[in-house]
Each structure stands twice: as structure tokens, then as C-alpha cells.
A.B. asks: 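Before I ask anything, here is the structure I am working with.
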Amino acid sequence: MKAAAIILSGGKSSRMGVNKALLRINEKTNIERIRDKLKVYFNEIILVTNNPEDYSFLQLNTTCDYFPEMGPMAGLHAGLMHSDYDVNLVVACDMPFLSGELAVEMVKRCFHYDAVIPVINGNQHPLFSVFKKTVAHEAENCIKSGKLRMKDLIKRLNVLYVTEKELESFGLIDWDRIFFNMNRPEEYEKAKKWAETE
Ligand SMILES: Nc1nc2c(ncn2[C@@H]2O[C@H](COP(=O)(O)OP(=O)(O)OP(=O)(O)O)[C@@H](O)[C@H]2O)c(=O)[nH]1
């Protein structure tokens, strides 16, 4: 596919208390699960982290934030700057049940837009979305002006929002799992329970 996938793993995991990307679910770490789901569809996977040595076992193309300690938008910025592709999926490192098929559907729709963002039950999910490489410039402007919320960036872009109604026609229905992100120990326990039935 003519797109890259960017995994953000430069956060603090303060709610989890340990690096949530490296927690194990069944036999793999969370971030290996994500890599393996994405590599079915994406030839290029970029990892954005500020501790590359912790992730060398993944053997991914790795980059660091240009603007450290600025949150996910800074990770998106670094990933887009590093990417050779016009179209890029971005995903957080804490989504163990993400859907590669959904990623592909969003990539296909990005042609005329700056970004494709899923809206499920009325909630936007910018950390499982698609962005053009050109968005790096707007992200940099936001960061430099202290506007660090993804919402600040998104309102400056030409965005296609895709809702669950449209995506259901692709057989994607298990939204609670696909968009599940584990931030706290009890959510890790829930993820392990869900994964038992895989
Ligand atoms: N590259 C990069 N990624 C980040 C940064 N902050 C957060 N992320 C990533 O963005 C995603 C969502 O992060 P959050 O869960 O909101 O924040 P977190 O810092 O990981 O966790 P908490 O400390 O518990 O809020 C995760 O994949 C994080 O690794 C950052 O400054 N740089």
C-alpha cells in the first residue's frame, strides 16, 4: 500500500505506572501486536519514541520528537517529517485490538483530504487516523504557538470524518475493542481477558 504507518510511543504512561507499550498480552508485547497487525498492510512502519534503545527488538524505522514533552501532536509531527509517504496512518501504542482493515479503508479515503478521522459514538479518534505528510507544517505551527491538543490541529485541516455507520458496511462492528486504549492497570487486565478468546 502506498502509505506508511506511524506508531506513537513517546508518552509517559503515568496512569499505567509502567511503559504500557511493553506490557504483554498473550505472548507478545502490546507494541509487537500493533506492529504485527499493521505489517500485513503497510510496508513502512515508523516508530516515534524518545527512548529508541527500549524498542530495538522491534526492528522498526525509528525517530524521535523534534519537540520533546509536547504530547501526541509532537509525535505525529516527528512521524510525518520522517515519512517518505504522502499518506500516513497514525496510531497510539496502547490500542491492542486495532483493525488493520479499518486503517486501509481510511487510507483509501484520504486522497482529497488532509486527514481522515473516525468518529465513533460521536467521539473523534485522532490517534487512530490518517494524515497527509503536509500536515507536519500545520502541526509545527500549532506546537510553536502552544496549541498542543489534537483538536487544535484538526480544526485547521480539511478533514473527512468517517462514522461507524459507514464503516459497518465493511463488516467492522466491534468498536469497543477496535478503539479500546489501555491507560490504567484495570484496563490492562481487561485487555488480557479479551485476548484470552482470540
Ligand atoms: N512521540 C510522542 N508520543 C507521545 C507523546 N505523548 C504521548 N504520546 C503517545 O500518544 C499516545 C497517547 O498518549 P496518552 O495515553 O494520552 O499519554 P501517555 O503519556 O502515553 O500516558 P499518560 O501519562 O498516562 O497520560 C500514546 O501512544 C503515547 O505514547 C509525546 O510527547 N511524544
Side-chain angles (χ1 to χ4, degrees), residues 4-25 28-39 42 44-58 60-83 88-100 102-103 106 115 117-118 120 123-131 133 135-154 176-191:
I6 297 169
I7 307 175
L8 304 185
S9 198
K12 295 192 170 69
S13 291
S14 51
R15 286 167 287 176
M16 190 66 80
V18 295
N19 186 349
K20 56 191 171 182
L22 300 179
L23 289 175
R24 273 182 193 279
I25 295 178
K28 290 181 192 170
T29 60
N30 201 11
I31 198 156
E32 282 173 296
R33 285 173 66 94
I34 293 172
R35 178 200 61 186
D36 292 351
K37 278 168 183 265
L38 294 176
K39 78 178 179 195
F42 293 86
E44 176 74 318
I45 301 179
I46 296 167
L47 175 70
V48 189
T49 171
N50 300 305
N51 299 98
E53 60 288 356
D54 293 347
Y55 299 91
S56 53
F57 70 99
L58 293 171
L60 289 177
N61 180 355
T62 300
T63 192
C64 297
D65 292 347
Y66 292 55
F67 302 100
E69 310 273 315
M70 294 287 179
M73 199 199 301
L76 170 66
H77 168 264
L80 292 175
M81 292 294 286
H82 196 71
S83 177
N88 300 273
L89 175 82
V90 64
V91 59
C93 66
D94 55 10
M95 297 182 67
F97 303 103
L98 66 83
S99 159
L102 173 55
M106 293 195 297
I117 297 181
I120 307 298
N123 297 315
Q124 294 181 16
H125 290 274
L127 296 187
F128 188 68
S129 292
V130 171
F131 293 89
K133 181 174 169 71
V135 170
H137 179 67
E138 208 53 71
E140 182 166 342
N141 289 340
C142 281
I143 295 164
K144 285 183 170 166
S145 58
K147 298 201 177 302
L148 300 180
R149 295 173 315 161
M150 289 297 290
K151 279 194 171 159
D152 297 322
L153 173 64
I154 288 164
D176 286 350
R177 278 198 199 204
I178 291 173
F179 288 97
F180 174 79
N181 58 355
M182 44 178 242
N183 289 311
R184 298 183 169 79
E186 56 272 26
E187 289 160 347
Y188 176 41
E189 293 307 314
K190 187 173 179 179

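In each ligand, atom 1 is the first atom listed, and ligand 1 is the first ligand listed. Just so it is clear, the values below take in all heavy atoms, side chains as well, and ignore hydrogens, waters and symmetry mates.
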A.B. asks: Kindly assign one of parallel, tilted or perpendicular to the pair F179 and F128, based on the angle between their ring planes and the thresholds 30° and 60°.
C.D. replies: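 F179 and F128: perpendicular rings.
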
A.B. asks: Would you say E186 has more than 12 foreign heavy atoms packed within less than 6.0 Å of its CD?
C.D. replies: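 Yes, the 6.0 Å shell around CD holds more than 12 heavy atoms from other groups.
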
A.B. asks: Take atom NZ of K147 as the centre, draw a 6.0 Å sphere, and report whether it contains more than 12 heavy atoms from other residues, nucleotides or ligands.
C.D. replies: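 Check fails, neighbour count at 12 or below.
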
A.B. asks: Taking any residue with a non-hydrogen atom under 4.0 angstrom from an atom of ligand 1, which ones do you get?
C.D. replies: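 For ligand 1, the contacting residues are L8, S9, G10, G11, K12, S13, S14, R15, K20, V48, D65, M70, G71, P72, G75, A92, C93, D94, L127, N183.
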
A.B. asks: Applying side chain to side chain donor-acceptor pair (under 3.5 Å), name anything that partners S9, two or more places apart in sequence or on another chain.
C.D. replies: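 Partners of S9 under the side chain to side chain donor-acceptor pair (under 3.5 Å) test: Y55.
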
A.B. asks: Does S99 reach the main-chain N or O of L102 with its side chain, forming a donor-acceptor pair under 3.5 Å?
C.D. replies: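 Here the side-chain-to-backbone pair exists.
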
A.B. asks: Quickly, which of D94, N181, T29 forms a side-chain hydrogen bond (donor to acceptor under 3.5 Å, both in side chains) with K20? Name it, please.
C.D. replies: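 Exactly one pass, corresponding to D94.
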
